[in-house]
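Side-chain atoms are counted along with the backbone in the values below, which use heavy atoms only and exclude waters and symmetry mates.
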Amino acid sequence: MDNDTSSSTFTDQKVPGDVIDLQSRIAHLEEILSSLEVERSNWETFFRYFQEGIMICDSELRLLKANKSFQRLFEINLENILGKPIQEVLFGRSAPPGEFSGIFENALAGKSLPLEHFVCHVNGHSLKVYLKAIPFRLVNGERAVCTVIHDLNSFAEKEECLRQRLQLQKLVSQVSASLVDPVELKDTLSSALKQVAVLMNLNGMKLFSSSQDNNTLEIILDLSGKDGGFSGIKDPVSLLDKLGPEGYIFLDPSSSDILWNTFLPVIEFSSPVPCMLLRLDHAGQCQGILALWAQDLNEKVDEEAVSALLSLGYSLAAALSRKRAQGVRERDHQRYQQIVDDQLDLVNTYDSEGLITYANRAFCNYYGIEREKVQCINLLDLTPEDERDDLKEKILSISPDFPILVNEAHMDLPSGGTMWQQWMNKGVFDQEGRLVEVIGVGRDITRIKRMEEELKQTIDTLQGTFEATINAMGKIIEVKDPYTAGHQQNVADLTHAIAMEMDLPQESIDAVYYASLVHDIGKIQIPSEILNKPGRLNEMEYSLVKNHPLYGYEILNTVDFPWPVASIVLQHHERMNGMGYPHGLEGDEILLEARIMAVADVVEAMSAHRPYRTSLGLDCALDEVRKYTGTLYDRKVVETCLALFHVKGFTFRVNNGRDNLSSMR
């Protein structure tokens, strides 16, 4: 039993080598068959859908096979022509050209020769084709011919279509170039669109321009033919809304498309016809509508034609936009020109040499110049001869850094009078900063000048009257107290000099001067026997004298001075340390003008003669204010006062018994 091998399986046995080789060959053959099947399928697909016509005939020139393009080209069914002679298929009852048979005989002999072209006669019409016969072998090895047929009619149509498209593109480019800066936009548009209409064989075209708010459309070009068609637009707003984002639409009355019925309420037709409406947009705004129509419009407008028309639409929109902007500019220019020309002010422009380039009516009338001759005049000729160089220098001083020049000018009249003008001149410069033009706006200020002169004279008169009044008020106290004659004038002169030396504002200088002229006016209420008492005053008498600033304030406060005269007079006996009267003010509580008057009052009073004493002398007076600098008197005021006497040599106008002053001058 141990040696029994009958139970072993077939797989346990060794497979002979020739069996393995046979299996490999079978697998290889299966791969080849699979590849051939794929190639056959691919060839069949290629044959069936090849764009050119293909037919295969046997050695007797009988049709064995033909692709779809062949059937479509000859408008025949394959089942009806299989097995028929190709002469009959291609030419029907007509005789083929003489070289036709030779071409196929050469192909059967293994030679591939083309037949340039010939005309087939099929189904009652002629067909111009190009034929090439190629040697071919059938599966059984029999010789055959594969024929490729090119439709020359189709080529011609495509070539013509391409030519027209290229011509349309070229025309659109020319039109776009002509619309960049047309002299007469309407004439240019008419010529350009007529060429487009002729090239595309359109029935008509219309161009509409939209208003600024797109509420209305104005027809600006009508190239309608005699056959009618598109008439107009009833509702511009609705039409623009319906055009959508593409900006154009095709409308065909023969189509079942609902677009026709959708647009019919907003547009008008004299007769139904295929139509294209193109919205003309530029710079984000609708500039108008282009409408074009033709009976065979659908055949004329393919993708390339649409692209060309869109380019044309963009150029038209840009041209309409420029025309609109130009119209706005022209209206604005006319409006501004009218405004400038009607101005009462004098307006002119001139170059850097002063030659006038423009002048408005007021300028010409003012200078007595005719409008037609104003551009032949130089501005310098209207200027007095002795001022021309100065004016020329001022014109040349206008620069980008200082573009505005304001000046006054005058014109001497033959009658002897003078006319004055005030001018504002603004320079206009080129990119290099060179002065190109000056715009001058002038105004006759002769009346103002005369009024200023009259006002100055009036002010001078009032000033004199005012000063005389002030002096008269000051002399009232001198009548009552003759010993103080000239005191107020001297104080006024010194306060004025101190204020000037301290460089105070003119308002403060005038205030302290006029206040000084009347600073003792309050003494008018003090009895004369006290004012002129030769001896020392008692306490009660002195208290009465100390009230004179209050009395002066009450008198002066009733007068409407342009300065705080009453307050200065009230404070002129106040002192820096608060020991003055009547209110004991101190430091900066005291007006600066009052602090100046305090120093001047002491210096003048001490250096002058009084009923109760002789003059103490200027040196003593100056020592007094120097001694109490900072305590009773303002330091800066004292320093200025001392400098006036010691350095500037100041002297009082009225002597008042100052015999000892001569040694100091």
Starting at CZ of F136, measure out to CD1 of I56 and round the result to the nearest 0.5 Å. 4.0 Å
Do other residues, nucleotides or ligands put more than 12 heavy atoms under 6.0 Å from the CD atom of E142? yes
State which residues pass ring pair (Phe, Tyr, Trp, His ring centres under 6.0 Å) with F104; sequence neighbours excluded, sorted by chain then number. F100
Within-4.5 Å side-chain heavy-atom neighbours: L251 and I267: yes
T45 side chain to S41 main-chain N or O, any donor-acceptor pair under 3.5 Å? yes
Donor-acceptor contact present, side-chain E437 to main-chain D351, <3.5 Å: no
Going by the side chain to side chain contact (heavy atoms under 4.5 Å, CB included) test, name the single residue among L207, L223, L278, L309 that passes it with L292. L309
Closest non-hydrogen atom pair, D281 against C286: OD1-CA, 3.4 Å
Please lay out, stage by stage, how V129 and L90 fare under the test side chain to side chain contact (heavy atoms under 4.5 Å, CB included). CA-CA 10 Å; V129 298; L90 296 177; over 6 Å; no
I'd like to check I81 versus F74 (side-chain heavy atoms, cut-off strictly below 4.5 Å). Are they in contact? no
Less than 3.5 Å apart, any donor N or O on the side chain of S321 or Q285 sitting next to an acceptor on the other? no
For L277 and R279, what are the C-alpha separation, side-chain angles and deciding distance, and is it a side chain to side chain contact (heavy atoms under 4.5 Å, CB included)? CA-CA 7 Å; L277 298 175; R279 185 177 62 209; over 6 Å; no
Could you measure the distance from the CD atom of E353 to the CG atom of N378? Nearest 0.5 Å is fine. 8.0 Å
Of all the heavy-atom pairs spanning T147 and V145, show the shortest one and how long it is. OG1-CG1, 3.7 Å
For atom OH of Y314, decide whether the heavy atoms of other residues, nucleotides or ligands shown that lie under 6.0 angstrom number more than 12. no
Find out whether I289 and L243 are in side-chain contact, i.e. whether some heavy atom of one side chain is under 4.5 Å from a heavy atom of the other. yes
Pair N348, V374 - check side chain to side chain contact (heavy atoms under 4.5 Å, CB included), show working. CA-CA 10 Å; N348 72 336; V374 69; over 6 Å; no
Heavy-atom side-chain proximity of I377 to Y367 below 4.5 angstrom: no
What is the distance from atom CD1 of I220 to atom CG of L320, rounded to the nearest 0.5 Å? 4.5 Å
Once side chain to side chain donor-acceptor pair (under 3.5 Å) is applied, do any residues pair with S209, and if so which ones, sequence neighbours excluded? none
To the nearest 0.5 angstrom, please state how far the CD1 atom of I398 sits from the CZ atom of F429. 7.0 Å
Tightest non-hydrogen contact, residues E52 and S69, listed as O-CB, 3.4 Å
Nearest atoms (heavy-atom pairs only) where Q343 meets N360: O-ND2, 3.8 Å
So, for K392 and L380, which heavy atoms are closest and what is the spacing to 0.1 Å? N-CD2, 4.2 Å
Inspect the surroundings of CD in Q431 and state if more than 12 heavy atoms from other residues, nucleotides or ligands are less than 6.0 Å away. no
Listed by chain and number, what are the side chain to side chain contact (heavy atoms under 4.5 Å, CB included) partners of L344, not counting sequence neighbours? none
When you measure from the side chain of S231 to the backbone N and O of S270, does any donor-acceptor pair fall under 3.5 Å? yes
Kindly indicate, with the supporting measurements, whether the criterion side chain to side chain contact (heavy atoms under 4.5 Å, CB included) is fulfilled by N407 and L391. CA-CA 9 Å; N407 69 303; L391 177 59; 4.3 Å; yes
Residue pair Q421 / F363, side-chain heavy-atom distance below 4.5 Å: no
Just verifying a value: how many Å separate L63 CG and N80 CG, rounded to the nearest 0.5 Å? 11.5 Å
Donor-acceptor under 3.5 Å (S34 side chain, E30 main chain): no
Could you label the plane-to-plane angle of the F47 and W43 rings as parallel, tilted or perpendicular, counting under 30° as parallel and over 60° as perpendicular? parallel
Hey, does P274 have a side-chain heavy atom less than 4.5 Å from the side chain of D252? yes
Less than 4.5 Å apart, side chain to side chain, heavy atoms only: is that true for R137 and R143? yes
Any donor-acceptor pair under 3.5 Å from T349 side chain to V438 backbone: no
Within 45° of the axis and under 6.0 Å from the centre of the six-membered ring of F230, does NZ or CZ of K206 qualify? no
Please report the interatomic distance CE(M55) to CG(N67), rounded to the nearest 0.5 Å. 11.0 Å
Evaluate the side-chain proximity of I76 to V89: yes if any heavy-atom separation is below 4.5 Å, no if none is. yes
Grab the two heavy atoms, one from Q71 and one from L78, that are nearest each other, plus how far apart they are. OE1-N, 3.4 Å
If only side-chain N and O atoms count, and only distance matters, is there a donor-acceptor pair under 3.5 Å linking D222 with S224? yes
Can you confirm whether more than 12 heavy atoms, excluding those of K234, are under 6.0 Å from its NZ atom? yes
